[in-house]
**Q** 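Have a look at this one before I ask anything.
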There are 2 protein chains.
Amino acid sequence: MESRQASSIFEALSSDVRLDVFRLLVKNAPSGLVAGDIAKAMDIPSTNLSFHLKALVQSGLVSVEREGRFLRYRASIPLMLDVIAYLTAECCSDNPECCRAFRAESDVDARFLPTR
Amino acid sequence: MESRQASSIFEALSSDVRLDVFRLLVKNAPSGLVAGDIAKAMDIPSTNLSFHLKALVQSGLVSVEREGRFLRYRASIPLMLDVIAYLTAECCSDNPECCRAFRAESDVDARFLPTR
DNA sequence: GACACATTTCAAGAAGTGTTGAATTATCCC
DNA sequence: GGGATAATTCAACACTTCTTGAAATGTGTC
């Protein structure tokens with residue numbers, strides 16, 4: 001991932017509203033939610049929600065698809081995994097020893113990695 | 001990690017300048033760099049660099065320590081690992097099957113996980 | 001103390017982001 | 001076509017962030 005794309009993704013997640021929307025969509029992957037459902041959960045004017053959804057779509061973190069009168073939004077899990085990979089690579093690739101030592105302490109992986 | 005802290009960290013990484021500075025500091029972990037060295041690498045006025053360094057320090061992603069006439073900045077690798085854990089947890093905890101399937105496709109882990 | 005150096009803080013303006021209600025577009029159903 | 005519903009775009013304003021040079025702060029050295 002290019003660092004310019006990374007900063008644009010971080011920008012998309014830098015607003016409380018957008019992070020909450022994105023988390024909601026992740027929880028509702030892969031089926032997604034239509035805008036009205038998101039609005040109910042978020043309790044903000046629809047016009048403002050639209051503004052934030054547009055930003056999420058432009059970042060690529062969220063995709064949108066028309067479904068009759070509704071618009072269905074979905075979190076892009078693959079891009080999210082790319083972001084995780086980007087952070088992990090930035091952290092480790094040029095400095096593996098340092099990162100490994102901290103990882104051993106915090107034991108991040110054992111808690112969150114999927115079983116394969 | 002609280003989602004409010006997460007969005008504040010994403011905000012810190014949402015500027016190209018700050019992401020570049022942070023990546024530079026990660027590459028130079030754990031010794032860090034003094035402000036002047038960062039300024040040389042970044043090619044922006046020192047007053048503007050100061051502004052962005054302050055934002056990074058306030059987010060917690062970077063720490064600062066006086067060293068004689070210099071100020072030494074260091075990336076906080078543990079907090080970065082917390083962010084990775086946060087994203088991973090958001091992605092997987094409520095939706096492990098979905099995330100696992102995507103992971104298997106992109107094979108993120110095999111590339112970046114430390115050997116233990 | 002006086003000077004030089006590293007870096008920050010301040011103040012001001014430029015640029016960008018967020019919020020809102022009104023108007024618009026798109027779709028469905030009769 | 002006409003009316004109802006879902007959601008967006010528009011335009012205006014408030015608010016925040018970014019950038020810059022000038023001034024200030026802290027530290028080392030003579």
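What you see below is based on every heavy atom in this structure, not just the backbone, and it leaves out hydrogens, waters and symmetry mates. Chain letters run A, B, ... following the sequence lines, proteins first and then strands; every chain starts at 1. Please read all numbers here as calculations on a predicted model, not as lab measurements.
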**Q** Any salt bridge between Arg4(A) and Asp20(B), counting N to O under 4.0 Å?
**A**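 Looking at Asp20(B) together with Arg4(A), the answer is yes, because their closest N to O distance falls below 4.0 Å.
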**Q** Are any of Tyr73(A)'s side-chain N or O atoms less than 4.0 Å away from OP1 or OP2 of dT8(D)?
**A**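 True: Tyr73(A) side-chain N/O within range (under 4.0 Å) of dT8(D) OP1/OP2.
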**Q** Under a 4.0 Å N-O cut-off, is there an ion pair linking Glu67(B) with Arg72(B)?
**A**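 Salt bridge present between Glu67(B) and Arg72(B).
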**Q** Identify whether any heavy atom of Val34(B) sits under 4.0 Å from a base atom; if not, whether one sits that close to sugar-phosphate; answer base, sugar-phosphate or nothing.
**A**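 The answer is sugar-phosphate, as Val34(B) gets under 4.0 Å only of primed atoms, P, OP1 or OP2.
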**Q** Taking CG from Leu56(B) and P from dT8(C), how many angstroms apart are they, rounded to a whole number?
**A**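 Nearest whole value for this atom pair: 12 Å.
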**Q** When the distance from CZ of Arg72(A) to C1' of dA6(D) is rounded to whole Å, what number comes out?
**A**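 Distance check: Arg72(A) CZ to dA6(D) C1' gives 13 Å.
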**Q** Are Tyr73(B) and Val34(B) close enough, and set up right, to give a side-chain contact (heavy atoms from CB on, under 4.5 Å), and what steps lead you there?
**A** CA-CA 6 Å; Tyr73(B) 288 89; Val34(B) 299; over 6 Å; no
**Q** Give, for atom NE2 of His52(B) and atom CE of Met42(B), the distance between the pair rounded to the nearest 0.5 Å.
**A**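 Going from the NE2 atom of His52(B) to the CE atom of Met42(B) covers 8.0 Å.
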**Q** Using a 3.5 Å distance criterion without hydrogens, assess whether the side chain of Asp37(A) forms a donor-acceptor pair with backbone atoms of Leu33(A).
**A**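 Judged by distance alone, no pair lies under 3.5 Å.
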**Q** Leu79(B) pairs by side chain to side chain contact (heavy atoms under 4.5 Å, CB included) with which of Ile84(B), Val62(B), Ile9(B)?
**A**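 It is Ile9(B), the one option of Ile84(B), Val62(B), Ile9(B) that forms the side chain to side chain contact (heavy atoms under 4.5 Å, CB included) with Leu79(B).
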**Q** Would you mind reading off the distance between Leu49(B) atom CG and dT7(C) atom P, rounded to a whole angstrom?
**A**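 Rounded to the whole Å, the gap is 9 Å.
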**Q** Determine yes or no for a side-chain-to-main-chain donor-acceptor pair under 3.5 angstrom, with Arg18(B) supplying the side chain and Leu13(B) the backbone.
**A**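 No; judged by distance alone, with no hydrogens or angles, the pair does not exist.
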**Q** Whole-Å distance between dT27(D) P and Phe70(B) CZ?
**A**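 Those two atoms, CZ and P, are 13 Å apart.
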**Q** For the hydrophobic clusters of this structure (ILVMFWY residues joined by side-chain heavy atoms under 4.5 Å, transitively), does one cluster hold both Val64(B) and Leu61(B)?
**A**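 Yes, because Val64(B) and Leu61(B) connect within a single hydrophobic cluster, where side-chain heavy atoms sit under 4.5 Å apart.
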**Q** Atom NZ of Lys54(A) to atom P of dT19(C): distance rounded to whole Å?
**A**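 It is 16 Å, rounded to the nearest whole Å.
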**Q** Please report the distance, rounded to the nearest Å, between CD in Glu67(B) and P in dT27(D).
**A**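 Spelled out: CD on Glu67(B) to P on dT27(D) is 13 Å.
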**Q** Residues from residues 36-47 of chain B sitting under 4.0 Å of DNA chain D, heavy atoms only?
**A**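 Listed by number, they are Pro45(B), Thr47(B).
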**Q** Rounded to whole Å, please give me the gap between CD in Glu65(B) and P in dA6(C).
**A**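 One finds 19 Å between P of dA6(C) and CD of Glu65(B), rounded.
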**Q** Please enumerate all protein N or O atoms sitting under 3.5 Å from an N or O of nucleotides 11-18 of chain D, with distances to 0.1 Å.
**A**
{"residue": "dC18(D)", "atom": "OP1", "partner": "Arg18(B)", "partner atom": "NH1", "Å": "3.4"}
{"residue": "dC18(D)", "atom": "OP1", "partner": "Arg18(B)", "partner atom": "NH2", "Å": "3.3"}
{"residue": "dC18(D)", "atom": "OP2", "partner": "Arg18(B)", "partner atom": "NH1", "Å": "3.2"}

**Q** When you get a sec, tell me which of dT27(C), dT8(C), dG26(D) is the closest nucleotide to the side chain of Leu53(B)?
**A**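 Looking only at heavy atoms from C-beta outward on Leu53(B), the closest nucleotide is dT8(C).
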**Q** Just compare dA7(D), dT9(C), dT27(C) and give me whichever is closest to any side-chain atom of Ala35(A).
**A**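 The listed nucleotide nearest to Ala35(A)'s side chain is dA7(D).
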**Q** Angle between ring planes, Phe10(B) versus Tyr86(B), binned at 30° and 60°: parallel, tilted or perpendicular?
**A**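 Aromatic pair Phe10(B)/Tyr86(B) classed tilted.
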**Q** Can you tell me if Arg69(A) touches the phosphate of dA7(D), counting only side-chain N or O atoms and a distance under 4.0 Å to OP1 or OP2?
**A**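 Checking Arg69(A) against dA7(D): no side-chain N or O falls below 4.0 Å of OP1 or OP2.
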